[in-house]
2 protein chains.
Amino acid sequence: MAEALDTFDRAILDLVQKDCQLKAETIADEVGLSASAVQRRLKRLRDNGVIQAEVAVINRKATSFPMTFIAGMEIERDNYDALARFRQWAEKQPNVQQVYYVTGQVDLIAIITARDVEHYDDISAQLMADNPQIKRMTTNVVLRDVKTGLFIPVEE
Amino acid sequence: MAEALDTFDRAILDLVQKDCQLKAETIADEVGLSASAVQRRLKRLRDNGVIQAEVAVINRKATSFPMTFIAGMEIERDNYDALARFRQWAEKQPNVQQVYYVTGQVDLIAIITARDVEHYDDISAQLMADNPQIKRMTTNVVLRDVKTGLFIPVEE
DNA sequence: AGTGAAAAGATTCACTT
DNA sequence: AAGTGAATCTTTTCACT
């Protein structure tokens with residue numbers, strides 16, 4: 001689908017991953033292209049799906065869900081579509097922020113936001129009730145966000 | 001610093017967390033305000049730091065760092081500023097995407113991007129070399145992103 | 001890829017309710 | 001605080017080089 005990214009694309013992606021409201025002209029000056037070339041490339045990167053979304057990152061402390069929990073789960077591996085069903089469930093849960101299917105002691109790792117520990121207890125109870133294919137769940141309480149973001153390096 | 005968010009603020013944040021390039025007029029129609037009121041609130045939310053950043057989310061598979069690893073680490077808790085020093089280090093590492101300080105079996109959980117397993121091995125070796133306060137490190141390889149994002153619910 | 005032009009939207013302002 | 005209207009800047013898309 002997406003052809004390889006050239007040096008200009010990577011430079012543009014490096015910038016918009018930090019601030020996607022930058023003026024095309026500012027980006028153009030940084031990377032050494034004209035503003036319209038930057039616009040064209042941004043449109044192509046969006047249409048290609050290289051840029052999946054442009055989102056506001058909000059301060060967790062400003063919300064009603066200031067706590068974060070990281071849950072490790074074991075899933076019933078025998079069951080063919082256990083993972084697919086969990087994905088569908090997670091997609092609909094606003095408090096389930098991220099889920100990774102991993103190798104190791106656990107099969108799934110989820111990052112979950114909650115109002116407080118009681119609320120997290122409710123969410124995890126609901127998770128187990130809605131997903132019998134989840135066998136076990138262990139939780140780490142996040143005491144501090146040391147670094148957050150979704151930045152992925154693109155420069156070679 | 002930040003006063004409480006009202007219903008309009010929350011509705012706006014709910015939308016811009018999914019798409020921060022929405023037209024002010026579109027947001028206005030959704031939440032029941034005028035476009036200029038939406039603009040004013042967005043400016044205030046940005047100035048307040050409630051909106052911390054507006055960023056492009058890119059497809060990991062389109063980059064040269066398509067793999068993800070989740071590392072659990074034990075840190076020297078005796079050492080007073082061991083965590084602060086690790087934070088400073090992590091902040092400068094582009095492949096270290098997220099770090100959480102947690103309770104439980106491990107003290108730190110990091111999400112790390114890498115080109116391949118060899119590259120991850122290099123990164124983790126460098127991490128241990130640069131941070132002697134990290135005593136032990138266990139890694140989960142991400143086989144699949146089940147859900148990603150930084151969305152935090154804001155509606156009551 | 002660059003330039004220039006036209007239309008649409010963002011941003012900031014002053015003013016009103 | 002919210003709405004309106006005006007001035008200015010930026011984005012977006014187009015045709016053209």
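Chain letters run A, B, ... following the sequence lines, proteins first, then strands; residues in each count from 1.
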Between C1' of D/dA2 and CD of B/E25, the distance in whole Å:
17 Å
Calculate the interatomic distance between B/L42 atom CG and C/dG9 atom P; express it in whole Å.
16 Å
Do B/I27 and B/V154 belong together in a cluster built from hydrophobic side chains that touch within less than 4.5 Å?
yes
If each end axis of the helix from C/dA1-D/dT17 to C/dT17-D/dA1 is fitted on five C1' pair positions, the angle between them, to 10 degrees, is 30°
Donor-acceptor pairs under 3.5 Å, side chain of residues 105-114 of chain A to any protein atom, not counting sequence neighbours: which ones?
unit_1	atom_1	unit_2	atom_2	d
A/D107	OD1	A/R77	NE	3.0
A/D107	OD1	A/R77	NH2	2.4
A/D107	OD2	A/I75	N	2.8
A/T113	OG1	A/N95	O	3.4
A/T113	OG1	A/N95	OD1	3.2

Given atom CG of A/D47 and atom C1' of D/dT13, what is their separation to the nearest angstrom?
13 Å
Please figure out whether A/K43 or B/A35 has its closest DNA chain D nucleotide nearer the 5' end.
B/A35
For DNA chain D, which residues of residues 12-24 of chain B approach it to below 4.0 angstrom with any heavy atom?
none
What is the distance, to the nearest angstrom, from the CD atom on A/Q39 to the C1' atom on D/dT13?
9 Å
Judged by modelled atom types alone, do A/Q98 and B/Q98 share a side-chain donor-acceptor pair under 3.5 Å?
yes
Atom CD1 of B/I27 and atom C1' of C/dT11: how far apart are they, to the nearest Å?
14 Å
Without placing hydrogens or testing angles, list every side-chain donor-acceptor pair under 3.5 Å for residues 82-89 of chain B, not counting sequence neighbours.
unit_1	atom_1	unit_2	atom_2	d
B/R87	NH1	A/V146	O	3.3
B/W89	NE1	B/D130	OD2	2.9

Quick check on C/dT11: is either OP1 or OP2 less than 4.0 Å from any side-chain nitrogen or oxygen of B/R40?
no
Result for 5'-nearest mapping on DNA chain C, choosing between B/S36 and A/V38, is A/V38
Run the numbers on A/K23 and A/D29 for salt bridge (Lys or Arg N to Asp or Glu O under 4.0 Å), then give the verdict.
CA-CA 10 Å; A/K23 291 187 290 188; A/D29 289 345; over 6 Å; no
A/L33 atom CG is separated from C/dT3 atom P, nearest whole Å, by 11 Å
Grab the CZ-P distance between B/F8 and D/dA1 for me, whole Å please.
12 Å
Once the angle between the rings of A/F69 and A/Y120 is folded into 0 to 90°, is it parallel (under 30°), tilted (30 to 60°) or perpendicular (over 60°)?
parallel
Find the distance A/L45:CG to D/dT12:P and express it as a whole number of Å.
13 Å
With sequence neighbours left out, what residues match B/Y100 under ring-ring contact (aromatic ring centres under 6.0 Å, His included)?
none
ring-ring contact (aromatic ring centres under 6.0 Å, His included) involving A/Y101 - partner list, sequence neighbours excluded:
none
Is A/K135 salt-bridged to A/E74, going by a charged N under 4.0 Å from an acidic O?
no
